[in-house]
Structure formats: C-alpha cells, structure tokens
There are 2 protein chains.
Amino acid sequence: MRYSHQRELIKQVVYSTNSHPTADWIYDQVKSSVPNISLGTVYRNLKQLNNEGYIRTIYDGSIARYDWNMDSHYHLKCNTCGDLIDFQLPNDDLKKTVKRKFDFKVLDVEITLIGKCNKHN
Amino acid sequence: MRYSHQRELIKQVVYSTNSHPTADWIYDQVKSSVPNISLGTVYRNLKQLNNEGYIRTIYDGSIARYDWNMDSHYHLKCNTCGDLIDFQLPNDDLKKTVKRKFDFKVLDVEITLIGKCNKHN
DNA sequence: AAATTAAACAGTAATAGTTCCTATTATTGG
DNA sequence: CCAATAATAGGAACTATTACTGTTTAATTT
C-alpha cells in the first residue's frame, strides 16, 4: 500500500475519537485540511485501513461506523441518543454487570459471533 | 391494524423459514401468490409486524433481515457463506462452547446490548 | 345491502449510504 | 529525474429503503 496523504489524515481522524465515527463525519473532519477530498476517497481508504488491520468496521443498524480499537470489545448502544459506548467484560451475567458498571438498562441483547461454519473445514 | 391479505402472506413467509430472510427474498416468495404486490408493501408490512411484536428485525452488516423467533437468542454468522444460524447459550465461555456445540470457529465476536444509557434516567 | 371512511394498496419517485468509473495527479523504484 | 502505476477528485451508478399519490379494499354505519 503506497503512502497517501489523504489516507494518513483519515487514519488520524479515526484514531482521534472514541465516538465510532461514520464515513460522512470523517469526511467532514478531513475536509478542513483537504477541502476538495472526495467522499469516495474516504470510503476507499477506510476499506483499505480495515483490510490492513488498522481499524475495524462495525455496523450500527444499517450504517457503517469505524473504530480504531482492535481489541475484542463490546458496545452499549443507547436507542435514545444513539451513542455507542465501548466496554469489556468477563463472560458472567452481562445485564447485571452492565447495569452496575455503566448504569445502562439493557432492553435487548444482540450477539454476533463472526467466523466460519462447519461446511468449510 | 386492519386485516390485509398481503400482510398475512408476508407473515407466513417469515414464519416459514429459519433463514432470516431479507425483504427482497420475502417479496419474491409472496409474488408467487400475489404477482403484482409491490416491494413497498413488503417493507411497510414488515415494519408493522415488527412494531406489533410478531417478528423482529436483525441487521446483517448493512442489510435488514427478518426473524420470527422473538426469544432472546444469538446468531452465528459465517463469513464464508453468509449463513446466520440461531443459537441459545448460558453466559459461560462462548467461543469454546460454540466450537464444541456447532463446530463453528469464532474469529470475531460482536455483542450489542440495546437499551438506555444513564443520561435518560 | 348500499354508503362511508380510512387503512392498505400498486406503482413509482426519491433518498441515503456506498461503490464504481474515468481522466488526472502523486508516489516510488530504478 | 523519469517511467510505471497506485491513488485521487468528481461525479455517475447502484442498492436498500422510504415517501408520495391516486386507487382499491376492509370495516363500520346507515
């Protein structure tokens, strides 16, 4: 992957926040240093950074968000304000621990384990 | 909610499969009995069925899928074939149990707890 | 059983997020 | 410093979903 100024800035923006930004938000940020950057460039570079393991893509409903934190961690999603909050926990009683540690009321739990099923051994 | 033939068929299609179908797949199925049903009707009714608690909407990456199973349960997503497999587990060591019970190799775990954060007490 | 009312409809246009295309520009290895 | 080619800007295209509009249909009232 050849160096690119735009990609470097995009990476810095993702690494600068814990808010799991969208492509559009990142685009707006980078525009302040490179006013005529195109949204396609942002998407292309986010995909590359994802593929190279610099960032990860998470889906918040139907829209993509980007996260610099590559450690295995989970998210608390508030369906009133939409915030996505990082957390890391042992595998015990999630709901109670989350209520205690984050004062976050769990209404629904969605767990997706991504991997490979037994048809591809 | 007034009775509608189309909605009844849409509900039946969702209840007929464990494959977590997309709106488009449901549309194709229902078309065999109502050839000129419109895709908008499918989406509108899926949303209504969701709001009335007959089905739930799950997001698979950026696309919506529909599930008749309203119990709290999780999904194994295979990133080779895209299958989404239901499972239900106690909160112990997920990865090992999943490997043993489903012969499914977990590469990444995404957990989203949906609820309300402490700004809205 | 007709008339009335409003929900649901088909068809289609519009939107949002994302990807693709093309001619131009920038990085890099020789 | 030059040639090769990866990356770019700008905009068109695409996909999933929602919104709009005039018509049909189910439920309710006469």
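Each chain gets a letter, A, B and so on, in the order the sequences are listed, and its residues count up from 1.
- Tracing side-chain contacts under 4.5 Å through hydrophobic residues (I, L, V, M, F, W, Y), one reaches Tyr43(A) starting from Met1(A); they form part of the same cluster.
- Between the side chains of Arg100(B) and Thr97(B), no donor N or O sits under 3.5 Å from an acceptor N or O.
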ask   = Hey, mind stepping through Thr57(A) and Leu46(A) against side-chain contact (heavy atoms from CB on, under 4.5 Å) and telling me if it holds?
value = CA-CA 8 Å; Thr57(A) 307; Leu46(A) 287 169; over 6 Å; no

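- Considering all non-hydrogen atoms of both residues, Ile85(B) and Cys117(A) come closest at CD1-CB, 4.2 Å.
- With sequence neighbours excluded, the residues forming a side-chain contact (heavy atoms from CB on, under 4.5 Å) with Lys47(B) are Asn51(B), listed by chain and number.
- Per the geometry, CD1 belonging to Ile63(B) stands 14 Å off C1' belonging to dC14(D), to the nearest Å.
- Considering every non-hydrogen atom in both Phe104(B) and Leu76(B), the closest pair reads CE1-CB, 3.7 Å.
- Residue Asp24(B) is classed as having no contact, given no heavy-atom separation below 4.0 Å to the nucleic acid.
- Near DNA chain C, meaning a heavy atom under 4.0 Å from it, residues 25-36 of chain A has no residue at all.
- Linking Ile, Leu, Val, Met, Phe, Trp and Tyr residues whenever their side-chain heavy atoms come within less than 4.5 Å leaves Ile63(B) and Ile10(B) in two separate clusters.
- Met70(A) forms part of no hydrophobic cluster, judged by ILVMFWY side-chain heavy-atom separations under 4.5 Å.
- A residue-by-residue look at Ser62(B) and Ile37(B) shows that Ile37(B) has its nearest nucleotide of DNA chain C further toward the 5' end.
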Could I get a table of every N or O pair under 3.5 Å where one atom is in the protein and the other is in nucleotides 20-22 of chain D?
none

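- Within residues 9-21 of chain A, no residue has any heavy atom under 4.0 Å from DNA chain C.
- The two atoms that bring Asn69(A) and Arg56(A) nearest to each other are O-NE, 3.5 Å, heavy atoms only.
- With side-chain heavy atoms closer than 4.5 Å counting as contact, directly or through intermediates, Tyr59(A) stands alone and belongs to no larger hydrophobic cluster.
- Partners of Thr17(B) under the side-chain contact (heavy atoms from CB on, under 4.5 Å) rule, at least two apart in sequence or in another chain, are Ser19(B), Pro21(B), Trp25(B).
- Residues meeting the side-chain contact (heavy atoms from CB on, under 4.5 Å) test with Tyr15(A), sequence neighbours left out: Lys11(A), Tyr54(A), Ile55(A), Trp68(A).
- Under the side-chain contact (heavy atoms from CB on, under 4.5 Å) criterion, Arg65(B) pairs with His20(B), Thr22(B), Ile58(B), Asp60(B), Leu84(B), sequence neighbours left out.
- In the helix from dA1(C)-dT30(D) to dG30(C)-dC1(D), the rotation axis of the first five pairs and that of the last five pairs differ in direction by 30°, rounded to 10 degrees.
- Using a 4.0 Å cutoff to heavy atoms of chain B, the contacted part of DNA chain C runs 5' to 3' from dA6(C) to dG11(C).
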message = What does the B/S/- profile of nucleotides 23-30 of chain D look like, 5' to 3', with a 4.0 Å heavy-atom cutoff to protein?
response = --BBS---

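- Rounded to whole Å, the distance from OH on Tyr43(A) to C1' on dA12(D) is 16 Å.
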